[in-house]
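This report concerns only the one structure given below.
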Amino acid sequence: MDGIHDMGGMHGFGRVPVEAEEVFTHEWQRRSFALADALAWTVPFNADQHRHAIERLAPGDYLTIDYFEKWARACQMLMQEAGVASAEELATGRKSFDPDLGEHGKPPDAATVRRVMPRGAQLMFPPDTAEPAFRVGQRVRVRDMHVPGHTRAPRYVRLREGVIERDLGVFQFADAMARGDGPDPQHCYTVAFAAQDLWGAEAEPRGRVFLDLWEAYLDPA
Amino acid sequence: MDGIHDMGGMHGFGRVPVEAEEVFTHEWQRRSFALADALAWTVPFNADQHRHAIERLAPGDYLTIDYFEKWARACQMLMQEAGVASAEELATGRKSFDPDLGEHGKPPDAATVRRVMPRGAQLMFPPDTAEPAFRVGQRVRVRDMHVPGHTRAPRYVRLREGVIERDLGVFQFADAMARGDGPDPQHCYTVAFAAQDLWGAEAEPRGRVFLDLWEAYLDPA
Amino acid sequence: MPHDHHDHDPLEEGAALRVRALEELSVAKGLVDPAALDAIVEYYERETGPRNGAAVVARAWSDPAYRDWLLRDGTAAIADMGFTGFQGEHMRVVENTEEVHNVIVCTLCSCYPWPVLGLPPTWYKSAAYRARVVREPRAVLAEFGLELPETTEIRVWDSTAEIRYLVLPRRPAGTDALDADALAALVTRNGMVGTAAL
Amino acid sequence: MPHDHHDHDPLEEGAALRVRALEELSVAKGLVDPAALDAIVEYYERETGPRNGAAVVARAWSDPAYRDWLLRDGTAAIADMGFTGFQGEHMRVVENTEEVHNVIVCTLCSCYPWPVLGLPPTWYKSAAYRARVVREPRAVLAEFGLELPETTEIRVWDSTAEIRYLVLPRRPAGTDALDADALAALVTRNGMVGTAAL
């Protein structure tokens, strides 16, 4: 979606709050972060779905509410959409029904999360899962996409030409994961864009911006 | 500027509040509207400068505060920038100095505004002020512009091709007017874009979007 | 209080105070004459508005020569009715037909033809309308209750420069006997923006 | 309270209550185990963070073979130090040199290499940083107090997919005698994001 989250290159945000060095300033932010992690197991949802839920917040809210409150509100959206909680329960905080957790069963305990956290997620597929359409050094152009859902090709590179800098291998595809359509494994590439091709002659002649882009986003230039 | 005001085509804003039919719901909104009109004479500022001041509000504010409060805040910005009011005066509402109104002299009285309002502004120049670079029917492409200030070519047509539908004649140029650089008179054209050229195959095959674009925004396709 | 912002916006409560303070400061500094403010509000509320546009539309429906002039030179034909002024200096009238439906927007701010329609309603200034009507006009019009045949070509006019647009709606059937005043009474603001049919 | 939002945001006051209500509801519905929440917070606060990244950097400065491995296969070389997990499954390390300065961002959200840097600071998640560093990196770096020579090529890495980035800063002069622990103490988080030099 061409949403407010896609802000790369936008003007008007003022100076960077460089002095805001902290991760958490309130205890509730820690709880919100941990809740998003833990609820992902049982609701369930994946990271792309959580990101997309944040993107779907009203743009005025997206720009003005606390980062960790956005995480919590995204969880609430996903819980309601998954049917494990009702709008009324989420508004009042009072349980009115027990969700059918089905195959997911019990929520993970401390030992389980402690074991899984250092492992992370399985995001890649064997190299022979898909042939690459592009080779390193090839010029590519970002497709003029109009994805209504989650996508990871920012507007600022759309229709722009760059060069394949690295073939990263075969990865699950965020757009498909966010739709709940499975991994749609495909090559992902690091693509180098000349700053002037993105921002015009005012940009630095030798500046470059690198993005990791799935094959579905690219055409040969 | 590629600011939050440039929202044509953005996703995430939800349904249109079709039931919000009113112009004013509070008396202070009427006063804010009239203040912007009246202050334009004496601060002074032109319509493009007032639009640009609204665009320069913090994006989170732009999306969340009342329309007529944005008008008032834009006036405050322009008053401060023109040196006719200080930040402290604007914060407290208490006068600390008399501005030098110079050539503008006294603010217009009721009879003066009543006489001028039905006349409007002089926005056009004689046809021989500038030769047109394009003719009706010609294909054009919107330049890949990176204007840090006010501009009236939305992002959603940038790099897109359209057809000159009408030569509107010679107009003052909003980008230059907003900079305070004078009118930079040039032809302005109505340009027709196929909806599918803007939004892809999901758009209607016969849909079209028309924009009025100054010559400085356009290249031959 | 159907404002184009969130219910939880705290600025709302203070806005009236802040605007009053700005007015008082501006008066104290000799920048505005309060009587001029009254005159401005009175002018736009009394002498502009959709009744002006409706009169233009009714005359165009009643007088083929006027209709042709209006479509050819909207500025002059509308000025002939006495409707002139800021945000109406250069007018173009676009005509709805059986094949074509027109709709007006200003994606970048809130440009609108003040002399013939007055100041814009809240929905016209909303982010949702501005963002969506250029991209999915049919879906937006459906939210207004206007379901157009699939065969209708939709033309969206984004008011990005100094031209202001007015839609000439289709004349309702069964109105042959009506005079201009009766016809004008049928014409709605949304009909002249293109978010309604008549 | 240096949050990335406006001082007048009314949501702030209620956020703690709302998040507590969400936790209690989630526990009541059997969706989370509160002890798991404690474990998650404790894990990320104690076992991830810039000290991990600093150890990687110090080893790369001290051991040319490790440095080569780190730049060739960041994932494996970092895993060799024991730093693995969510948001660090696939790592690339980009090296600052006299000619090249690297800086990391996630314009679309807040992707960041958790195992080696912990969770991101507020400025990294700010709209200003996300919007501006891809367009005007030199101006943004100057706001952090980092003035680069005009001849330095700036490379911006926008974390749009599953790779997470770590900047290998230049080793400060006069540190030949330092051991790995002493070197690691010189390495800052901003140095490993690219918004500071060391």
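Please read all numbers here as calculations on a predicted model, not as lab measurements. Each chain gets a letter, A, B and so on, in the order its sequence line appears, and its residues count up from 1.
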Would you mind telling me which of D:L119, D:V41, D:I154 has the largest number of heavy-atom pairs within less than 4.5 Å of chain A?
D:L119

For A:R94, is the CZ atom crowded, meaning more than 12 foreign heavy atoms sit under 6.0 Å from it?
no

At what distance, to the nearest 0.5 angstrom, does CG of D:L31 lie from CE of A:M79?
5.0 Å

Parallel, tilted or perpendicular: rings of A:F33 and D:Y44 (30°, 60°):
perpendicular

Between D:T152, D:T107, D:N190, which residue shows the highest count of heavy-atom pairs closer than 4.5 Å to chain A?
D:T107

A:E202 atom CD: more than 12 heavy-atom contacts under 6.0 Å:
no

So, the part of D:T195 with a heavy atom under 4.5 Å from chain A: the answer is neither

Contacting moiety of A:A195, where chain D heavy atoms sit under 4.5 Å
neither

Short question: side chain of A:W199, backbone of D:V134 - any donor-acceptor pair under 3.5 Å?
yes

Part of D:E45 within contact of chain A (heavy atom distance under 4.5 Å)
side chain

Check each atom of D:Y124 against the heavy atoms of chain A and say whether the ones under 4.5 Å are side chain, backbone, both or neither.
neither

So does D:E99 pair up with A:R206, basic N to acidic O under 4.0 Å?
no

Sort A:A85 into side chain, backbone, both or neither according to what part of it lies under 4.5 angstrom from a heavy atom of chain D.
both

For chain A, the option from D:E143, D:E47, D:R92 that forms the most heavy-atom pairs under 4.5 Å
D:R92

For chain A, which of D:R20, D:R189, D:E150 has the most heavy-atom pairs under 4.5 Å?
D:R189

Between D:T160 (side chain) and A:D212 (backbone), is there a donor-acceptor pair under 3.5 Å?
yes

Here the pair of heavy atoms bringing D:S126 nearest to A:V16 is OG-CG1, 4.2 Å

By a 4.5 Å heavy-atom criterion (distance strictly below it), what part of D:V140 contacts chain A: side chain, backbone, both, or neither?
side chain

Per-residue contact mode, D:Q87 against chain A (heavy atom under 4.5 angstrom):
side chain

Where does A:E165 contact chain D at under 4.5 Å (heavy atoms): side chain, backbone, both or neither?
side chain

Is the backbone of D:E153 close enough, under 3.5 Å, to the side chain of A:R208 for a donor and an acceptor to pair up by distance?
no

Options D:F86, D:F144, D:F83, ranked by heavy-atom pairs under 4.5 Å with chain A, top entry
D:F86

Where do A:S32 and D:V19 come nearest, in terms of heavy atoms and distance?
N-CG1, 3.8 Å

When only pairs under 4.5 Å are counted, which of D:A21, D:P34, D:A28, D:G88 shares the most heavy-atom pairs with chain A?
D:A28

Among the options A:M10, A:Q122, A:R114, A:R119, pick out the one with the most heavy-atom pairs lying under 4.5 Å from chain D.
A:R114

Looking at A:R51, A:H11, A:M7, which makes the most heavy-atom pairs under 4.5 Å with chain D?
A:M7

